[in-house]
Amino acid sequence: MAQKQEPGKIPNGVKFLFGGLAGMGATCFVQPLDLVKNRMQVATSKEHKTSLHLIKHIVKSEGPFAMYSGLSAGLLRQATYTTTRLGIYTWLFEKASGPSGQPPNFFTKAGLGMVAGVVGSFVGTPAEVSLIRMTSDGRLPPAERRNYKNVVDALVRIVSEEGLFTLWRGAVPTMGRAMVVNAAQLASYSQAKQGLLQTGYFSENILLHFCASMISGLVTTAASMPVDIAKTRIQNMKMIDGKPEYKGALDVLGKVVKKEGFFSLWKGFTPYYMRLGPHTVLTFIFLEQMNKLYKQIVLGEADAKGGGL
C-alpha cells in the first residue's frame with residue numbers, strides 16, 4: 001500500500017525550488033507595497049499622512065517605475081529566505097513525523113516553523129538589508145542617497161564600504177521577527193481555516209485558502225510590526241559622529257515610542273497587511289500549480305492535484 005504513493009512523491013530538492021520560485025513570483029506583484037511599507041517605517045516624522053499620500057508622492061517625484069525600486073533585492077530575498085525556510089521546514093517535518101507517516105501535532109508544527117523561520121531569515125538577511133536600503137533611498141536628499149544600481153551592486157558596495165558583517169546588521173531582530181511571523185501565521189491560519197470550514201459556507205478550495213490567509217495576515221501583521229519596524233530602522237541606519245544611530249532593537253522601540261508615539265510602532269500597517277496577505281495567497285497558489293504541473297508532466301499523473309508542502 002505504501003509503495004503505491006511513491007510514484008507521486010515530489011523530491012525535496014524540487015519542493016525547495018518550487019517554494020523559492022513561488023515566493024519570487026508573488027514578490028513581483030507585491031513589491032510596490034513592500035516599498036511603501038519600508039518608506040513609512042523609516043520615516044522619523046509624519047512626512048506622509050497615509051499610504052496613498054506616499055504613493056502619489058513617489059509617482060510624482062520619482063516616476064511610476066520607482067514603485068519597483070529594490071525588486072532585484074526582493075527577488076534575492078525570496079530566493080534565499082523562502083527557499084531555505086520551506087526546505088528546512090519540510091526536512092524537520094519529515095523527521096518529526098511518526099513511523100507510519102502521521103504528521104506531528106499542531107504545537108510541534110509551530111515550533112518547526114519558528115526554527116525554519118530563524119534559519120531562513122539569517123540566510124536572507126544580506127538581501128533584506130539591501131532591500132531596505134534600496135526601497136528607502138528615494139526619500140533621502142540627492143546628496144545622501146546611496147544609488148545602488150541593483151542588488152549585486154548593493155552587496156558589493158556594502159562589503160567594500162562598511163565591512164562584511166554589515167550584511168547581517170539587524171540579524172537578531174530579523175530572526176526575532178521570523179519567529180513571531182511563523183508562529184503567528186501557523187496558529188492563526190490553522191484556526192481561521194478551521195473556523196471558516198465550521199460555518200458551512202466554505203469547502204477546501206482556493207477561496208478558503210484566500211480568506212484564511214487574509215485573516216492570518218491581519219493577526220501576523222499586528223503581532224510582528226513592532227519587531228519589523230525595529231529591524232527596518234536598524235538596517236537602514238547610518239553612523240552619526242562615528243556612532244550607530246541605534247544601539248539595538250530595544251533602543252529603537254524606546255526612541256520610537258518616546259519621539260513618535262506608541263502607535264508609531266504600527267506605522268505602515270496598511271501596506272504591511274496588504275503585502276503579507278496577498279503574498280501568502282499568491283505564494284501558495286503558484287506553489288500548488290507548479291506541483292500540479294510537475295506531477296502531470298514529470299510523474300505522468302493525468303488527474304494530479306496540487307498539494308503543498
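Below, all heavy atoms of this structure are taken into account, side chains as well, without hydrogens, waters or symmetry copies.
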Look at the side-chain heavy atoms of Ile, Leu, Val, Met, Phe, Trp and Tyr, link any pair under 4.5 Å apart, and say whether [X] and [Y] land in one connected group.
X	Y	answer
M67	F65	no
V252	F262	yes
L52	L33	no
F165	L155	no
V298	M290	yes

Once you round to the nearest 0.5 Å, how far does [atom1] of [X] lie from [atom2] of [Y]?
X	Y	atom1	atom2	answer
L71	M134	CG	CE	8.5 Å
S136	R233	OG	CZ	10.0 Å
L21	T83	CG	OG1	7.0 Å
R169	I234	CZ	CD1	9.5 Å
S213	L208	OG	CG	8.5 Å
L35	L131	CG	CG	8.5 Å

Heavy-atom pair of closest approach, residues [X] and [Y]:
X	Y	result
V256	S264	CG1-CB, 3.8 Å
F29	P32	O-CD, 3.9 Å
S121	V118	OG-O, 2.8 Å
V227	P173	CG1-O, 3.4 Å
L92	V115	CD1-CG1, 3.9 Å
S72	V151	OG-N, 3.1 Å

Please check if the side chain of [X] supplies one atom and the backbone of [Y] the other of a donor-acceptor pair under 3.5 Å.
X	Y	result
Q31	S69	yes
S224	V180	no
S216	A212	no
R85	A178	no

- [ ] Quick one: sort the F18 and Y294 rings into parallel, tilted or perpendicular, breaks at 30° and 60°.
- [x]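 Plane angle over 60°, so perpendicular.
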Check whether any side-chain heavy atom of [X] sits under 4.5 Å from a side-chain heavy atom of [Y], and report yes or no.
X	Y	value
I58	R39	yes
L75	C28	yes
H209	K193	yes
I132	K231	yes
I215	L196	yes
S51	M40	yes
M214	Y273	yes

- [ ] Take E128 and T80, measure what side-chain contact (heavy atoms from CB on, under 4.5 Å) needs, and give me the verdict at the end.
- [x] CA-CA 10 Å; E128 182 87 22; T80 52; over 6 Å; no
TODO: Please report the C-alpha distance between Y89 and K109 in whole Å, then the side-chain angles of each, then the deciding distance to 0.1 Å, and finally whether the side-chain contact (heavy atoms from CB on, under 4.5 Å) criterion is met.
DONE: CA-CA 9 Å; Y89 180 77; K109 290 178 184 176; 3.9 Å; yes
Open item on the list: Whether R133 and E161 form a salt bridge (side-chain N of Lys/Arg under 4.0 Å from carboxylate O of Asp/Glu) is what I want to check.
Closed with: no
Open item on the list: Tell me whether E62 is salt-bridged to R145, with the criterion being a basic N under 4.0 Å from an acidic carboxylate O.
Closed with: no
Does a sphere of radius 6.0 Å around [atom1] in [X] hold more than 12 heavy atoms from other residues, nucleotides or ligands, not counting ones at 6.0 Å or beyond?
X	atom1	value
L197	CG	yes
W266	CH2	yes
F210	CZ	no

Task: Within 45° cone and under 6.0 Å: R77 NZ/CZ vs Y81 ring - done: yes
TODO: Starting from the C-alpha separation in whole Å, work towards a yes-or-no answer on side-chain contact (heavy atoms from CB on, under 4.5 Å) for F16 and I88.
DONE: CA-CA 9 Å; F16 306 166; I88 294 292; over 6 Å; no
TODO: Applying side-chain contact (heavy atoms from CB on, under 4.5 Å), run through V119 and T84 and close with a yes or a no.
DONE: CA-CA 7 Å; V119 177; T84 303; 4.1 Å; yes
Task: With Y148, the side-chain contact (heavy atoms from CB on, under 4.5 Å) member among V156, D153, D137 - done: D153
